[in-house]
Each structure stands twice: as C-alpha cells, then as structure tokens.
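Below is one structure, written out as structure tokens, with a few remarks after it.
Numbering of ligands and ligand atoms starts at 1, following listing order.
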Amino acid sequence: RVTANVGVLISGRGSNMRSLVANATEAYKVVVVASNRPSAEGLVWAREQGIPTFALSPKEVGKQAYEAALDAALREAGAEYLALAGYMRLLSDDFVARWRDRIINIHPSLLPKYKGLDTHARAIAAGDAEAGCSVHIVTEELDGGAVLGQARVPIKSGDTPETLAARVLDEEHRLYPRVLAEWLTR
Ligand code: GRF
C-alpha cells in the first residue's frame, strides 16, 4: 500500500494539524504545513518537527497570487491531498477545482447543521442536546461537501461556547486522523 502525501493548511493554533502529524499511520504522511497567517502558532511547532512550511498573507500579494504561490508550494512539497485544519480562508473555486476531491476539512458541528462560524454558540442557543464535529470533502460550497465521518458529544447544562468547544476539540483530534486514513485507503 502506498503512503499518501498530505499537505495541511492552518490559520492559527494548529492543534488538529498536530494530531494529524502525531497520529499518522502508513496511510499518509504530512509533507508540508501551509498557512495564510505567517504568525500562525502551529507553524512554529511544524518547523520544530522538521516539516516543510509555507506561509504567505493574501493581504500582502492579493488572493490570486497567494493561491498561485500556495498551489506551487504544495505541489513542490509533493502533496497529493490537502487537509484543512482550522484554515479560516475560503479557497477560490479555481483552487478547489484544481484539487477536486482531494481536499478535506474538519468542521466543529454536526453537518449539515451550523455551517460557517460560531457553531458552538449556535448549538447552545438552539437548545440542542448534542454537538460534535464532521470531516467532509471540500467543494465550492462552504462546509457543503460529502460528510466522511462525525463524532458526537453531549451539550451539558451550564455549557458555554468555550467549554463546549473544548469537549468537541478533543473529539476532533481523535476523528480527523482516523477519517483521513480511512478515506485515503478506501
Ligand atoms: C477547530 O475547532 C476547527 O474545527 C475549527 O477551528 C478550530 C481550529 O483549531 N474550524 P486548531 O487550529 O486545529 O487548533
């Protein structure tokens, strides 16, 4: 079985990226970590691990030039698949088309519920009994592609968006490496 080369895209802390690296099996290898925020905390850790990194701010060069440079860096590093992990920029339709069916994302809700931002506050406000996270294929529609796997947690009385986010994040860290490996060896 061939190991798939994966590029991980982050914007900040990068805890899901760390979990993908730490839990990689023979199914995949993280060959590059890229960020639209050069100050992303996760980049520091990736560099310490000796993982090649790429960072460029779209604000510096414009979205088109940013995505062209990102695409070139990912291919240069040998990435065949992309895993978005707290990547907070929308990828253009062109970019998604060039990586068609080779990009996945983790989203902190039980999709199709609560696409977009503030998922935990919205789940609490709705009075939901449970929340969770979803790994899905990235398409041109925000948080809209086929769901590959989900994990559920209870919403407890007294939960704030922060306490719920922490409970969901623990599940994200377990779910993402497992679903990525399963998807790549499907
Ligand atoms: C995660 O909850 C992810 O699902 C969401 O943003 C958070 C990123 O956290 N979209 P991290 O950067 O992986 O630590």
Open item on the list: Within the 4.0 Å heavy-atom shell around Glu172, which atoms of ligand 1 are there?
Closed with: 1 (C), 2 (O), 3 (C), 4 (O)
Task: salt_bridge(Arg98, Asp94) N-O dist < 4.0 Å - done: no
Open item on the list: Quick check against the 3.5 Å criterion: does Thr119 have a side-chain atom that pairs as donor or acceptor with the backbone of Ser109?
Closed with: no
TODO: Spell out, as yes or no, whether a donor-acceptor pair under 3.5 Å connects the side chain of Glu80 to the backbone of Asn5.
DONE: yes
Open item on the list: Using a 3.5 Å cut-off on N or O atoms only, is His107 in polar contact with ligand 1?
Closed with: no
Task: atom 7 (C) of ligand 1 [closest protein heavy-atom partner, distance rounded to 0.1 Å] - done: Arg13 NH2, 4.1 Å
TODO: Output all residues satisfying side-chain hydrogen bond (donor to acceptor under 3.5 Å, both in side chains) with Tyr87, sequence neighbours left out; order by chain, then residue number.
DONE: Tyr66
Open item on the list: Could you check whether Arg100 pairs with Glu140 (Lys NZ or Arg NE/NH1/NH2 to Asp/Glu carboxylate O, under 4.0 Å)?
Closed with: yes
- [ ] Answer yes or no: is there a donor N or O on one side and an acceptor on the other, between the side chain of Arg122 and the main chain of Lys115, under 3.5 Å?
- [x] yes
- [ ] Please say whether Gly14 places an N or O atom under 3.5 Å from an N or O atom belonging to ligand 1.
- [x] yes
TODO: Distance to 0.1 Å, residue and atom name: give those for the protein heavy atom nearest to atom 10 (N) of ligand 1.
DONE: Pro108 CD, 3.7 Å
Task: ligand 1 contact by Ile106, heavy-atom criterion under 4.0 angstrom - done: yes
Task: Numbered atoms of ligand 1 (with element) below 4.0 Å of Gly86, judged on heavy atoms - done: 6 (O), 8 (C)
